[in-house]
Structure formats: C-alpha cells, structure tokens
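Read the structure below first, then the notes.
All ligand and atom numbering here is 1-based and tracks the order in the structure.
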Amino acid sequence: MLRIGLIGTGAIGKTHIERINTKLQGGQVVACADPNVDFGLAVAKQFGIKGFSDAFELIKSPDIDAIVITAHDSVHAQYVLAAITEKKYVFCEKPLAPEADVCKKIVDAEMAAGKKLVQVGFMRRYDPGYRQLKAHIESKKFGEPLMLHCVHRNPTVAGFGFTTPMSVENSMIHEIDVLRWLLGEDYATAEVVFPKSTKNTDTNELKDPQIMYLTTKSGVRIDVESFVNCKYGYDVRCEVVLEEGCVNLPEPPYSMIRSDAARITPICSSWSERFPEAYNIEFQDWINACQAGRVDGPNAWDGYVAQITAAAASKARDSQTKVAIQVEETPAFYK
Ligand code: ISE
C-alpha cells in the first residue's frame, strides 16, 4: 500500500482524497496538511486521517511514501522541491509552478537527485477521447496532421478572481500540454487575439473570450478558443485535420432526449463532470508507477515546457504580436 500525504485540502484536494481512498487500488491518502493550518486539520478529521500542522513535516515523515500537491499554484514549487530533497514521488497539480524559471529549478533539482520523481497533473492525457485522437494520429492512416481547431469553454468563472492572463495560464494551459503530447512536438510561435468581449464577466480584469494561435516546429497550425463565461455549459472540443481525414474528440456519451417537440443532448456543466474518468486513470497509473519505482506521466520537463509556452503566449497577448517560443533540447534524462 502506497501511503500518500496530500497538501492543499481545498475542493480538488478533497475530491482526490475521496477518489484515491474509495475508488482506486494500491494507495491510500493517510495524511494531509494545508497552508491554512486549521482548515487542513479539519479536513483530516473529516476523512479520519492524520493532520499535519506543517506540510514540510508531512513531506519528511517516515510514514509517508509519496506526496500529492493540490495547494494554491503559488506554493507548488516549495513543496515539490522538498519532496525531491526527500527523494519521494510527488504528484503536483498543474501548473508545476506559475513561472518557467521556477519550473527550471525543479527540473535541475530532479536531475541533480538523479531520479525522476515528479509528475504534473495534466489529466487530459488520460482522457479516453484524447487517447483515441493520439492513436489515430500515430497510425498515420490519414496522413500528417495539418491543423487543429479547439474550443475550451467554461460556463462561468464568476467569484474566482479570474483575470485576462488566466485564460492562457490557468485554462488553455491544458491545450498547451495535451496538444504537444498529441502531436509529439514542441511549439514554435504563439499569438493571442481578443474577439469582441462578453458583457458576462464579474470583473474588468478579464477580457473574455480569447483565441490563442500556436504553430508547432513542423508547421502544424492550432487555434484554441477560450471562453470562460460562455454561460451554457462546459464544452471542450478538438478537431484534428489531417491530409486524408479529420478526427474529432468524442463528446461525453449522454443520451438524446426527445421532449416538448425538441431533441436535447445534455452538455456537461463543469470540468469535474467532464473529466472524472481521466482523473481516475491518471491517479491509478501514478500509484501503480510509484509502486513500480518510476514516473510514467507528464514529468517536470513537460511542466517546464508548458510554462515556457504559456509565458510566450502571455507576452504575445500583452504585446499583440506573434512571439517565438524557445524550448531547449530535451535533456537525455527526460527522453
Ligand atoms: C481550471 O483550473 C481547470 O483546470 C479546468 O480544467 C479548466 O477548464 C478551467 O478553465 C480552469 O480554470
């Protein structure tokens, strides 16, 4: 049994405790902590697990084999680095750290430790729909991919303090990672444009929607629409246009309802409703890999490259220009 300690006991942290302890095999969250000490201890009590007042003590504890970090983005790095010092496997929700140079410090620390220990929570790589797209692309049956048209809509982000940069850094960061993984290549350029803005934002700090354009090193052209206050539901789409065919991300399998002289097919209302299977597969794989002594999923290098790309897209948005993305050669350690 892999004894897991979780840091960051907010909504997603609690969901992961429940998921690991009731749905998955081979691991148990046996302890938790939160930067808000009393809150962390209360959640520990709620789940009947050990509460730590100090997250660093949890990381060092000989009773903990592996760490899950679901705390606020701004504190991820300090806990990841502490786990690397203890040579413990650590799963960190995306982003690895908001700043690319901090991600690079994690990469350097991990390489110095001489062992891959870090996995980043880019769960879309585990979604069965994206896996079908990847299998189609890799089969080469339809030739080379040329263009990708993607949509990432949330019903609302009211109350989350969502700002203009977050559309790239918090929302489209998922596409930045999953499309790089789908295509198996790094990006070359980024641009972000603003269509007419919706009136439905709760703050003047957010321009919504936005469209991000990426090109890959081989010239594949990608457009991603982010609309975080679309009002009608949670909608994620991806169409891959290849030389001899197109493949689309499957829609969630809701049955069509005929009622009141209309045909209605429901749409998810939130990301947690859209991707539960991806999260379950992701964590089961992580537990299995930790027990086998390896990291299989998105690693610290992937987390670093995602932040380099997001930083370029942010620069492109702020300057309203096309920005080149400079990613170093992947070190042999991560190949
Ligand atoms: C949120 O943080 C997520 O990770 C969701 O998957 C994404 O759809 C949402 O836009 C983000 O705010």
Side-chain angles (χ1 to χ4, degrees), residues 8-16 19 68-76 91-98 103 119-131 150-182 192 194-195 197-198 200-203 205-212 222-238 249 251-252 267-283 286 297-298 302-303 306-307 309-310 313-314 317:
T9 51
I12 191 155
K14 282 195 213 162
T15 320
H16 289 339
R19 177 189 321 284
V68 170
I69 300 171
T70 45
H72 190 268
D73 298 356
S74 60
V75 293
H76 285 180
F91 178 103
C92 180
E93 266 305 341
K94 61 90 193 167
L96 182 55
C103 294
Q119 178 161 330
V120 185
F122 285 124
M123 84 297 178
R124 287 200 192 176
R125 293 187 185 202
Y126 296 88
D127 175 67
Y130 277 108
R131 291 197 160 193
C150 308
V151 166
H152 183 164
R153 297 188 187 135
N154 293 237
T156 177
V157 288
F160 283 99
F162 214 91
T163 56
T164 297
M166 289 172 75
S167 295
V168 168
E169 287 153 23
N170 183 277
S171 201
M172 288 189 280
I173 191 78
H174 283 293
E175 274 79 11
I176 287 176
D177 177 72
V178 81
L179 305 182
R180 171 174 169 265
W181 169 79
L182 267 189
V192 176
F194 296 111
S197 295
T198 176
N200 293 317
T201 56
D202 65 338
T203 155
E205 302 300 311
L206 172 61
K207 281 181 96 174
D208 182 40
Q210 300 178 25
I211 303 173
M212 176 174 70
I222 298 167
D223 49 89
V224 185
E225 174 208 300
S226 161
F227 189 8
V228 293
N229 287 287
C230 80
K231 289 302 200 188
Y232 70 84
Y234 186 79
D235 203 2
V236 169
R237 296 190 224 158
C238 177
L249 186 67
E251 296 275 338
I267 289 177
C268 293
S269 53
S270 69
W271 50 266
S272 52
E273 185 187 342
R274 175 66 179 80
F275 288 113
E277 208 182 343
Y279 281 115
N280 288 344
I281 300 171
E282 174 189 46
F283 272 100
W286 178 68
D302 297 317
Q307 293 318 120
T309 308
S314 283
R317 178 197 60 239

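Here the side chains of Ile267 and Tyr234 are not in contact, with every heavy-atom distance at 4.5 Å or above. Contact of the Pro95 side chain with the Glu169 side chain is not registered, since no non-hydrogen atoms from C-beta on lie closer than 4.5 Å. At a threshold of 4.5 Å between non-hydrogen side-chain atoms, the residues Phe122 and Glu282 do not count as touching. For the pair Cys230/Asp235, no side-chain contact is recorded, criterion being any heavy-atom separation below 4.5 Å from C-beta on.
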Polar pairs, ligand 1 vs protein, N/O only, below 3.5 Å.
| from | atom 1 | to | atom 2 | distance (Å) |
| --- | --- | --- | --- | --- |
| ligand 1 | 2 (O) | Lys94 | NZ | 3.2 |
| ligand 1 | 2 (O) | Asn170 | OD1 | 3.0 |
| ligand 1 | 4 (O) | Lys94 | NZ | 3.2 |
| ligand 1 | 4 (O) | His174 | NE2 | 2.8 |
| ligand 1 | 6 (O) | His174 | NE2 | 3.2 |
| ligand 1 | 8 (O) | His152 | NE2 | 2.6 |
| ligand 1 | 8 (O) | Asn154 | OD1 | 3.4 |
| ligand 1 | 8 (O) | Tyr234 | OH | 2.7 |
| ligand 1 | 10 (O) | Asn154 | OD1 | 3.0 |
| ligand 1 | 10 (O) | Asn154 | ND2 | 3.2 |
| ligand 1 | 10 (O) | Ser171 | OG | 2.6 |
| ligand 1 | 12 (O) | Asn170 | OD1 | 2.4 |

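The backbone N or O of Gln210 sits nowhere less than 3.5 Å from a side-chain atom of Ser226 that would complete a donor-acceptor pair. Listed for the Arg153 side chain is no donor-acceptor partner under 3.5 Å among the backbone atoms of Asn229.
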